[in-house]
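Working notes for the structure below.
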Amino acid sequence: MPSTKILILYTGGTIGMGHETPGDSGSPLIPQGWEFLQKAMPTLSADGFFTKEKGIEFTYKSFDDVIDSSEFTPNHWAQISEIVFENYDLYDGFIIIHGTDTMAYTASALSFSLQNLGKPVIITGSQLPIFHPRTDAISNLSNAIHIAAAKVFNLPVIPEVLICFNDKLLRGNRSTKSSSKDFSGFESPSFPEVGSLEQSIQISDKYTLEPPTEPFNIKPNFETNIIIITLFPGFNSDILSRLAADKKLKGVILRTFGSGNAPSSETFIKALKLLVDNAKTVLNISQCQEGFVNMKKYKTGTNLYNCGVISGADMTLEAATAKMMWLLGNKSETHINELFSKNLKGELSLL
Ligand code: ASP
C-alpha cells in the first residue's frame with residue numbers, strides 16, 4: 001500500500017481542552033497536552049483505521065505551550081510557517097489543530113507567509129472538547145485527514161491553506177468565525193465553499209488555486225503596528241488626527257459603511273488626509289459581511305478615494321488584517337498600495 005505522510009501540529013484550542021479542576025464542569029477550560037487528545041481518538045493510533053487500512057503515516061508535533069487561540073501572536077504564525085518549511089519535503093500534507101477564536105486570522109496569515117504552497121495545509125479544531133460525549137472534534141479531525149491525505153481517498157490535492165470545519169471546506173483567507181455555539185462555526189461570506197463533507201466528499205476544483213510553478217519558501221514577517229477602526233455615526237475625527245502623529249503606526253484598517261462609505265465632514269476628511277500624508281497605509285473594508293468596497297459609487301466614498309485610501313474589495317476583516325501585517329512586514333513601502341489591490345492568494349475578487 002503506498003504510504004502517505006501527514007504532519008499533525010497541535011497548537012491548542014477547545015478541541016484538546018479539559019476543565020481546570022478535573023471533574024468540575026463549572027471550572028474554566030484550559031488546553032491539555034497532545035496525549036489527552038490522541039487518547040480520545042483511537043483512529044489516529046498505529047493500529048487505527050487511517051494507518052492500518054489506508055497506509056497513512058502520521059507524525060505529531062505540538063507547541064511547547066499549547067494555547068487558547070486568543071493568545072496567538074504573529075510569532076506563532078511564524079513558528080507554524082517554519083515548521084511547515086522544515087518538513088515540507090517530508091510530508092504530503094499538513095494539519096494544524098487550532099482554537100476556533102483566531103483560526104481565520106491564522107489561516108489568512110499562513111496563506112501569505114507560505115509562498116508557492118503546493119500541498120494542503122488544513123486547519124481544524126472544534127466547538128466542543130474531544131472528551132465531550134457530543135464532540136465535533138472527531139469528525140472535524142477525520143475530515144481534515146481526508147483532505148490532507150487526499151490521494152489516498154481519490155480526492156484532488158489542494159495546494160492551499162484551508163479551514164476544514166463541520167461539513168465545510170473553506171479557503172482559509174476567505175473564512176470568518178461566524179458562531180461560537182453552532183457546530184457550523186465558520187463561513188466564507190464572499191467566496192464559494194471549496195468543498196462539502198457530507199456522506200460523500202465533494203470538492204469544487206474550479207474554486208481552488210492553481211499549483212505553484214516556483215519552489216516553496218516562507219516569508220513569515222508581520223508588522224504589528226497597525227490598528228483597526230470601526231466607524232459609527234458620531235465618530236470623533238480627532239482620534240484619527242492623533243493617530244496620524246504616532247510615528248510608529250504603519251497602517252490603519254477603516255471599517256466603513258456599506259460599499260465603503262464614510263462621513264464627508266471637513267474634519268473627517270482632513271484627519272484622513274493627515275493619516276495618509278504621514279505615510280500610514282489606510283485600507284477601506286466594509287462593516288458588511290457580504291459586498292464589495294467601491295469608493296466610486298457614492299460621493300461619501302469618493303472622498304476617501306481622493307485622500308489615497310486603498311480599497312479592501314471584498315476581503316474579510318481577518319484577511320485584510322493579515323494582508324496588511326504581512327505586506328508591511330515584507331514588502332518595500334512603494335509597492336504596498338499596488339499589492340493591496342492585487343489578488344495575491346485568492347483573498348479578494350477583482351471588480
Ligand atoms: N477559546 C478557544 C480557542 O480559540 C475556542 C475554541 O477553540 O473553540 O482556543
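One-based numbering along the sequence shown. Here the structure is a predicted model, which means the values were calculated and not measured. As the structure lists them, so they are numbered: ligands from 1, and atoms in each ligand from 1.
- With sequence neighbours left out, the ring-ring contact (aromatic ring centres under 6.0 Å, His included) criterion links F191 to Y207.
- Cation-pi geometry between K323 and F112 is not met at under 6.0 angstrom from the ring centre and within 45 degrees of the axis.
- Residues that satisfy the salt bridge (Lys or Arg N to Asp or Glu O under 4.0 Å) test with K250, not counting sequence neighbours, are absent from this structure.
- With sequence neighbours excluded, the residues that form a ring-ring contact (aromatic ring centres under 6.0 Å, His included) with F131 are H19.
- Seen from the ring of F58, K5 does not count as a face-on cation partner, given the 6.0 Å and 45° thresholds.
- The six-membered or imidazole ring of Y10 lies away from that of H98, with a centre-to-centre distance of 6.0 Å or more.
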Considering only N or O atoms, set out every pair between ligand 1 and the protein closer than 3.5 Å, with distances to one decimal place.
unit_1   : atom_1 : unit_2 : atom_2 : d
ligand 1 : 1 (N)  : D68    : OD1    : 3.0
ligand 1 : 1 (N)  : D68    : OD2    : 2.9
ligand 1 : 1 (N)  : D101   : OD2    : 2.8
ligand 1 : 4 (O)  : S69    : OG     : 2.6
ligand 1 : 4 (O)  : T100   : N      : 3.3
ligand 1 : 4 (O)  : D101   : N      : 3.0
ligand 1 : 4 (O)  : D101   : OD2    : 3.4
ligand 1 : 7 (O)  : T14    : N      : 2.9
ligand 1 : 7 (O)  : T14    : OG1    : 3.0
ligand 1 : 7 (O)  : T100   : N      : 2.9
ligand 1 : 8 (O)  : T14    : OG1    : 3.0
ligand 1 : 8 (O)  : T100   : OG1    : 2.5
ligand 1 : 8 (O)  : S126   : O      : 3.4
ligand 1 : 9 (O)  : D68    : OD1    : 3.3
ligand 1 : 9 (O)  : S69    : N      : 2.7

